[in-house]
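Start at 1 with the first residue, then count along the sequence.
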Amino acid sequence: MTTLSIFDQQDPETPHTVTRDPAEIRQRLSEQGVRFEQWPTQALPQDADQQQILSAYADEVSRLKAECGFQTADVVSLSADHPDRAAFRQKFLDEHTHSEDEVRFFVRGEGLFYLHFDDQVYAVLCQQNDLISVPDGTRHWFDMGPEPEFTCIRLFSNPDGWVAQFTGSGIATELPRYEQLAGAAS
């Protein structure tokens with residue numbers, strides 16, 4: 001279930017707020033400039049390829065491209081049997097920023113975005129049908145867990161795709177990881 005957990009940086013082990021209400025999640029994230037939507041499910045085969053997925057969500061992707069000026073969209077997918085899953089997980093676990101919005105729509109599976117605002121960290125467990133758009137310059141990181149299972153549509157303004165500027169902060173090591181937060185959300 002989609003879950004928002006909010007932590008104080010001074011007490012990174014225990015969230016002071018936890019909600020699973022999509023309207024409250026949308027409102028709290030909107031207050032921080034983060035876009036959050038839930039799109040209707042499209043019928044797709046389990047082994048759908050990038051073209052099938054992008055075709056199924058063509059209207060939604062076109063709307064976002066028009067509204068936000070995105071130039072490209074692709075599909076990223078990772079499963080627990082991928083031989084490099086640990087390296088992929090590690091790549092995104094450190095706090096970083098981007099010079100463009102980071103947009104993900106979860107076609108299947110789940111992942112955990114951590115968004116760092118001043119002295120608060122918002123941990124958003126995104127699941128199938130969730131769209132999150134993290135504004136450019138927002139300090140954040142992503143945890144896909146030790147056995148990732150997700151497929152996401154990604155939208156980019158920069159045709160080069162995902163480019164991160166790491167902050168050097170160790171805050172990501174201070175908060176509970178996917179294993180603790182995703183398990184608590186079940």
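Tested against Phe105 for a ring pair (Phe, Tyr, Trp, His ring centres under 6.0 Å), the candidates Tyr57, Phe36, Phe70, Phe150 yield a single pass: Tyr57. Checked options Phe92, Phe113, Phe166, Tyr114; the residue passing with Trp141 is Tyr114 (criterion: ring pair (Phe, Tyr, Trp, His ring centres under 6.0 Å)). Of the listed residues (Thr151, Thr41, Val107), just one forms a side-chain contact (heavy atoms from CB on, under 4.5 Å) with Gln128, and that residue is Thr41.
Aromatic pair His82/Phe88: ring centres closer than 6.0 Å.
Taking the charged nitrogens against the carboxylate oxygens, Arg63 and Glu37 do have a contact shorter than 4.0 Å, which makes a salt bridge. Salt bridge Arg104/Glu102: present, at least one basic N to carboxylate O contact under 4.0 Å. A salt bridge links Arg35 with Glu67: the distance from a Lys NZ or Arg NE/NH1/NH2 to an Asp or Glu carboxylate oxygen falls below 4.0 Å. Between Glu149 and Arg108 there is a salt bridge, since at least one side-chain N of the basic residue sits less than 4.0 Å from a carboxylate O of the acidic one. Classification of Glu100 and Arg154 as a salt-bridged pair fails, no side-chain N sitting under 4.0 Å from a carboxylate O.
In this structure, the side chains of Glu110 and Cys126 stay at 4.5 Å or more apart for every pair of heavy atoms.
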Q. Does the pair Leu175 and Leu181 meet the rule for a side chain to side chain contact (heavy atoms under 4.5 Å, CB included), with working shown?
A. CA-CA 10 Å; Leu175 278 93; Leu181 291 180; over 6 Å; no
Q) Does the side chain to side chain contact (heavy atoms under 4.5 Å, CB included) test come out yes or no for Gln32 and Leu115, once each step is laid out? A) CA-CA 9 Å; Gln32 299 296 334; Leu115 312 171; over 6 Å; no
**Q.** side chain to side chain donor-acceptor pair (under 3.5 Å) between Gln120 and Asp8, intermediate numbers included
**A.** CA-CA 5 Å; Gln120 307 253 324; Asp8 283 322; 2.7 Å; yes
(Q) Apply side chain to side chain donor-acceptor pair (under 3.5 Å) to residues Gln38 and Asp130 and explain how you reach the verdict. (A) CA-CA 5 Å; Gln38 292 183 313; Asp130 289 345; 2.8 Å; yes
Q.
Using side chain to side chain contact (heavy atoms under 4.5 Å, CB included), reason through Lys91 and Leu93 one step at a time and then give a plain yes or no.
A. CA-CA 6 Å; Lys91 177 180 179 178; Leu93 279 178; over 6 Å; no
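In terms of heavy-atom proximity, Ala73 sits nearest to Leu54 at O-CD1, 3.9 Å.
In this structure, His140 and His98 have tilted ring planes: the angle between them lies in the 30° to 60° band.
Around atom CG of Asp84, more than 12 heavy atoms belonging to other residues, nucleotides or ligands sit under 6.0 Å away. Applying the 6.0 Å contact sphere to CD of Glu31 captures more than 12 heavy atoms from other residues, nucleotides or ligands.
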